[in-house]
Amino acid sequence: MDSDFGNNYASALMTKGATLPEEEKVQFLREALRANIAAGNNHASALREKMGATLPEEEKAQFLREALRTNSAAGNNHAFALREMGAKLSMEELAEALEEAKGMNSYPGCNHVSAIKTMMLAQAPEECPVQI
């Protein structure tokens, strides 16, 4: 899990048609999302894009909450990947995460601010009672 070599090896195997049972894909995806490193991002992307691994909705939301609390680029990449998987948080949770990200006072924090604002804008039509 902790190297690009492992990711390159896994990608090569997937290109040759290697597959995993669904429960193993899900378990490896969970492990990749728990790793706050670039290799974890690469593993998560490969599992999601090449093997179709996904998680239940609440689990995606929980991993998104955790990713937005990390003060790292890897956390931001996980947040992006989880958004692509359909992870959503309520507007209240996003507002809270936005304040936390602003308080990080770092480059990853700024990336979180941008990602959170994008999520808020994407969800605004769903939660706005007035149709424009």
Side-chain angles (χ1 to χ4, degrees):
M1 168 61 69
D2 59 353
S3 72
D4 285 330
F5 172 78
N7 188 60
N8 291 339
Y9 186 70
S11 289
L13 289 170
M14 284 184 267
T15 299
K16 299 239 182 237
T19 61
L20 291 170
E22 195 61 35
E23 63 273 0
E24 286 186 40
K25 286 188 236 179
V26 170
Q27 184 57 36
F28 283 125
L29 181 58
R30 286 180 182 124
E31 290 175 22
L33 290 169
R34 285 185 187 110
N36 189 21
I37 56 174
N41 295 143
N42 294 338
H43 286 299
S45 291
L47 286 159
R48 179 176 57 87
E49 294 169 8
K50 295 180 181 179
M51 298 189 97
T54 191
L55 297 168
E57 295 305 314
E58 183 50 42
E59 226 176 318
K60 286 189 266 189
Q62 184 57 38
F63 276 115
L64 180 56
R65 286 180 200 99
E66 292 170 12
L68 292 172
R69 287 189 178 110
T70 64
N71 195 355
S72 71
N76 190 262
N77 290 338
H78 281 333
F80 178 78
L82 287 156
R83 274 189 342 201
E84 291 293 310
M85 290 171 60
K88 288 187 178 182
L89 300 177
S90 70
M91 285 295 220
E92 293 79 17
E93 288 177 295
L94 288 171
E96 184 178 310
L98 181 61
E99 291 309 310
E100 288 178 25
K102 287 177 181 178
M104 289 179 185
N105 197 26
S106 65
Y107 187 73
C110 290
N111 286 340
H112 285 339
V113 168
S114 177
I116 293 165
K117 286 182 177 182
T118 299
M119 286 184 256
M120 291 174 110
L121 287 171
Q123 286 178 217
E126 293 175 10
E127 296 193 17
C128 182
V130 178
Q131 297 299 316
I132 300 174

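- For the salt bridge (Lys or Arg N to Asp or Glu O under 4.0 Å) criterion with R30, the lone passing option out of E66, E59, E23, E24 is E59.
- Contact between H78 and A67 at its shortest, heavy atoms only, is CB-CB, 3.9 Å.
- Side-chain atoms of Q123 come within 3.5 Å of backbone atoms of L89 as a donor-acceptor pair (strictly under, hydrogens ignored).
- There is a path of hydrophobic side-chain contacts, each under 4.5 Å, that joins V113 to M120.
- We find the NZ-OG1 distance between K60 and T54 to be 4.0 Å, quoted to the nearest 0.5 Å.
- When hydrophobic clusters are built by joining Ile, Leu, Val, Met, Phe, Trp and Tyr residues whose side-chain heavy atoms come closer than 4.5 Å, directly or via intermediates, L94 is grouped together with M85.
- Smallest separation of non-hydrogen atoms from A97 and L68: CB-CD1, 4.3 Å.
- Between G40 and A35, the shortest heavy-atom contact is CA-CB, 4.1 Å.
- To the nearest 0.5 angstrom, L98 atom CG is 13.5 Å from E93 atom CD.
- Within the 4.5 Å cutoff, side-chain heavy atoms of S106 are placed close to those of M104.
- In this structure, L82 is a member of the same hydrophobic cluster as M51, with clusters built from ILVMFWY side-chain heavy atoms closer than 4.5 Å.
- The shortest distance between side-chain heavy atoms of L64 and M119 falls below 4.5 Å.
- Among all heavy-atom pairs drawn from L33 and L55, the shortest one is CD1-CD1, 3.7 Å.
- When hydrophobic clusters are built by joining Ile, Leu, Val, Met, Phe, Trp and Tyr residues whose side-chain heavy atoms come closer than 4.5 Å, directly or via intermediates, F63 is not grouped with F80.
- Between H112 and A101, the closest heavy-atom pair is CB-CB, 3.7 Å.
- No side-chain donor from either of N111 and N76 sits under 3.5 Å from a side-chain acceptor of the other.
- Residues in residues 100-116 take part in these salt bridge (charged side-chain N to carboxylate O under 4.0 Å, His left out) pairs, two or more places apart or across chains: R69-E100, E99-K102.
- We find the CZ-CD1 distance between R83 and I116 to be 10.0 Å, quoted to the nearest 0.5 Å.
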